[in-house]
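The structure under discussion appears below in the form of structure tokens.
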Amino acid sequence: MAFFILRRLVWILPTVLLVLVITFVLTRMPPGDPIYQLYSSQDSPDSDLTLSENQYNMGMKELGLDRPLFYVEIVPFHHPDTLSKVPLRERGLVHLLLRDYRNWDEIESFRKTLKRYMTEMRSQSPERFSTIARLVYGKPITKDLDLAIQTLVTDSPDSPILQSYGDLQNSRLGLIRFLPTIKWRGSNNQFHNWLSNLFRLDFGISRIDARPVATKVGEALSWTLFINIISILLAYLISIPLGMYMGWYHRSRWLRAVRIFLYAIYAVPIFWLATLLVVFFTTSEYGSWTNIFQSVGIWQATTGDSFADLLAQNAGQFVIPILCLTLSITAYVSRQVESSVNEEKTKRYILQTKAKGLGDHSIIWKHLFRNSSFPLITLISGILPASISGSLVLEVICNIPGMGRLLVDAIFGQDWSVVILVVFISSFLTIIGLLLSDILYRIADPRLQTEV
Amino acid sequence: MKEEQNHVNPIFDFVTRWLPISVLAIFFVAALFADFLANDKPIYAKVGDNTYWPVWESIIGEENDMSINWRITDPDFAIYPIFPFSDHSSPNLSIRYKGPGTTSERNGRRFTHWLGTDRLGRDVAANMIYGCRKSLFVGFLAMILAAVIGITLGIVAGYWGDHKRYIHPMMAILILFLTAYALFLLINGLAYGLPLLLLFLVLFALLQFTSSDHRGRWPLLLDSVTLRLIEVFNSVPGLLLLLVVGSMFSRPSLVGVAVLIGVLRWTRFARFCRGEVLKAKEGEFITAAQVAGQSDASVIWRYLLPEIVGPLVVVFVFGVASAIILESTLSFLGIGVPVEQITWGSLLGQAKYNLNAWWLAVFPGLAIFLLIVSLNYFGDQMRGKAG
């Protein structure tokens, strides 16, 4: 058994590594310029050069974006080692030039000339500046650059920028671009930096309210876990007896009605169910009896309240999400239990118990239950991701400050450090859940322990 | 067993047998002929002595050179679609949140909003018709992609397994290098034809220079690698990743959402396909075909694939249902789907802002529910037939 657990733990390593890499890639993906987002709460376009070069470089240094991406990089021969020092807002232009002309010295001098020229133009004629800056900075393609240069030619034929652009075109290097080189970057890279921050549990500061991301996510996590644990427990309590009886008394009329109801619930999208409950049963708009649940929207909290205080104050808020989540898990689990019972009840040992003259209840709970309950454990691995996803949407509808609410707010507020941490934690929870269910399955079914 | 079936209520039998199929048929017809069912242009119009078929003309792109703007022209005689609004009708803020049955006026005619209007005064019924097209499009596109990825990997893993194909170490190293180089070129955007050529070369080498001879060769662990991939993909919560990646799109689109769903949801196909292939491989007709000297490719294509295609359709149908739910969840939250695209999910999502607009909560949700329930039921029936 210990050997099995150990092997399972070793097998999980590549998965965890891959989740880490995916999360890291996600941190580099968000749209918009992270340095602008660092300095201002509004989103300004990458192309307006409002930050001076010095300020910009300081921002890059602070975010660690001036380092290479990874320990080892395979880059084309003509890429310089200092590429990561180029300001992020000019990276697109530089990559384009590197692809087209390959000669680093000329490219660097062209970039600097262009930058000086653009800064000058920004103070002289802002409209012209913005048309050209939009073409050149950001993510330009060859056509954009040509258009920008042409505009410059017609406006000021003797500018140094044309000279520089001509030099660049004349010094084009040839086939060396197809030659890859392996560069060792050492431990001073973005991935290493990110990983060590992760291990030190330093996740940065939220962009929306400047609180530490870890605290925010931690608070939200407790609500999501609360909803999920309660709902899964309730759903198992309901669906095990229900599924057992539905499987055993297959032809009962009542249970048939229950089966159809559960089949329908299984197909109801969880957000529709919640929306219907919120729209029809939180007001007395549609009749005096319809005001059943507390209306959503107001989350009462004063700073310093403990988990229990908050729960007591807002208990009414949790009824709809827990109800919806429980129903949807019940619909799934009871169907699985039923089919498992259908399979087991044709087996010989059940015939034996009947021949012995045992009553229905004793057959169901003493003999059938143990054997048809193994799938229940593996089911957890399917339920866990679905349940977390379900609660995310429910939190948004019912206004509970859990992970879902937090995630959606963070996405709309472009608070990417929060978004990334939420993704990471929920993937991690899922992996742990899968691991536990695998191990529990082994423990519960002694038949499996002999073959490892 | 047999005798009891005679007692089945004929109405119940009719409902269970035909209702899901007819609901599906209605949805498909609505998706296909959305332009004729809901449009702000008339189907047939007469202005003066000229006759027009405006809807048809706009579909085939042959709009009249005079290009009459049907939104402001009042024809002498016209036949309008059942829902005389289209999904790109401009917002009309004077009729926001009007309940079902309210009418609004446009060029001297009164038109009824059968299912009410949304928060920008757009017609709910018309948008639901077009939403049906969008939902089915996303569901099918996502699942076609997922099926292509999943079936390929599943067949490869199931048919060859871990110890069927062996490769010479030198060849393996060469292939690794070629793949790495192709990726290098692709990532740096140096040449687009070359990497494609290299990848074809690698595929060719994998098919041609591997054999069942194991002396001095390395086994290709096709099965283990596929299983590991499936495990990794299953351990990431799909909706979450979809939300996050979707929100990072610089230009959100329904196609992007569909592709993402397809890339995340292929594991079911792969796992199922692998299992079915393992089962079918035991059949004597496969051994017979192999002994007769058929190549692996033709065994797979001519004997194995037809054997497993029935159960795979079932997986496909359930997959479409789950993809549609995912897409509507995304648009319900308003993330990853373009704002101007109105879908069932985004209509339902508007109910959050105005709890009195019950029609926004009921009708779009009902449409999603009916589509999902009939797809699931259809899938169950097919599963029964497929064994």
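Below, chains carry the letters A, B, ... as their sequence lines are ordered, and counting in each starts from 1.
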Side chain, backbone, both or neither: which part of A:H95 has a heavy atom under 4.5 Å from chain B?
neither
Evaluate the criterion side chain to side chain contact (heavy atoms under 4.5 Å, CB included) for residue pair A:M29 and B:V245; output intermediate values, then yes/no.
CA-CA 8 Å; A:M29 262 179 60; B:V245 178; 4.3 Å; yes
Count the heavy atoms belonging to other residues, nucleotides or ligands that lie under 6.0 Å from CZ of A:F424, then report whether that count exceeds 12.
yes
Contact part of B:Y377 toward chain A, heavy-atom cut-off under 4.5 Å: side chain, backbone, both or neither?
both
One option among B:I325, B:L348, B:L241 has the most heavy-atom pairs under 4.5 Å with chain A, and it is B:L348
Applying a strict 4.5 Å limit to non-hydrogen atoms, the region of A:V75 in contact with chain B is backbone
Between the side chain of A:W272 and the main-chain N/O of B:A361, is any donor-acceptor distance below 3.5 Å?
yes
Between A:V393 and B:L239 the two heavy atoms that sit nearest each other are CG2-CD2, 4.0 Å
Here the gap from B:R228 atom CZ to A:L18 atom CG, rounded to the nearest 0.5 Å, amounts to 11.5 Å
Scored by heavy-atom pairs under 4.5 Å with chain A, the best of B:I324, B:L360, B:I368, B:T329 is B:T329
For the student: nearest non-hydrogen atoms of B:F184 and A:F178, plus distance
CE2-O, 4.1 Å
Show, in sequence, the C-alpha distance, side-chain angles and deciding distance for A:T15 and B:E231, and conclude whether the side chain to side chain contact (heavy atoms under 4.5 Å, CB included) test is met.
CA-CA 8 Å; A:T15 316; B:E231 200 184 301; 4.0 Å; yes
Within a radius of less than 6.0 Å around CG of A:L179, do more than 12 heavy atoms belonging to other residues, nucleotides or ligands occur?
yes
Between B:D380 and A:Y263, which heavy-atom pair has the shortest distance, and what is it?
OD2-OH, 2.8 Å
Side chain to side chain contact (heavy atoms under 4.5 Å, CB included) assessment of A:Y266 paired with B:I372:
CA-CA 9 Å; A:Y266 184 66; B:I372 300 303; over 6 Å; no
Side chain from CB out, backbone as N, CA, C, O: work out which of these in B:N356 comes under 4.5 Å of a heavy atom of chain A, or both, or neither.
both
Within-4.5 Å side-chain heavy-atom neighbours: A:V396 and B:F332:
no
Would you indicate whether B:Y97, at its atom OH, is surrounded by more than 12 heavy atoms from other residues, nucleotides or ligands within a distance under 6.0 Å?
yes
Taking every non-hydrogen pair under 4.5 Å, which of A:S426, A:P180, A:P14 racks up the most with chain B?
A:P180
In terms of heavy-atom pairs under 4.5 Å with chain A, the winner among B:V373, B:N234, B:I335 is B:I335
Answer yes or no: does atom CZ of B:R268 have more than 12 heavy-atom neighbours from other residues, nucleotides or ligands under 6.0 Å?
no
Is A:L407 in contact with chain B via its backbone, its side chain, both, or neither, using a 4.5 Å heavy-atom distance?
side chain
Given a strict heavy-atom distance threshold of 4.5 Å, which part of A:F412 is in contact with chain B: side chain, backbone, both, or neither?
side chain
Could you tell me which portion of B:L185 (side chain, backbone, both or neither) has an atom closer than 4.5 angstrom to a non-hydrogen atom of chain A?
side chain
Among A:V419, A:V268, A:I388, A:I431, who wins on heavy-atom pairs under 4.5 Å with chain B?
A:V268
Contacting region of A:I74 [heavy-atom separation from chain B under 4.5 Å]
both
Using non-hydrogen atoms only, which part of A:W416 is less than 4.5 Å away from chain B: side chain, backbone, both, or neither?
side chain
Non-hydrogen atoms of chain B under 4.5 Å away: do they reach the side chain of A:L26, the backbone, both or neither?
both
Identify which part of B:L366 has an atom lying under 4.5 Å from any heavy atom of chain A, answering side chain, backbone, both or neither.
both
Chain B contact via A:A264 - which portion, at a heavy-atom distance below 4.5 Å
both
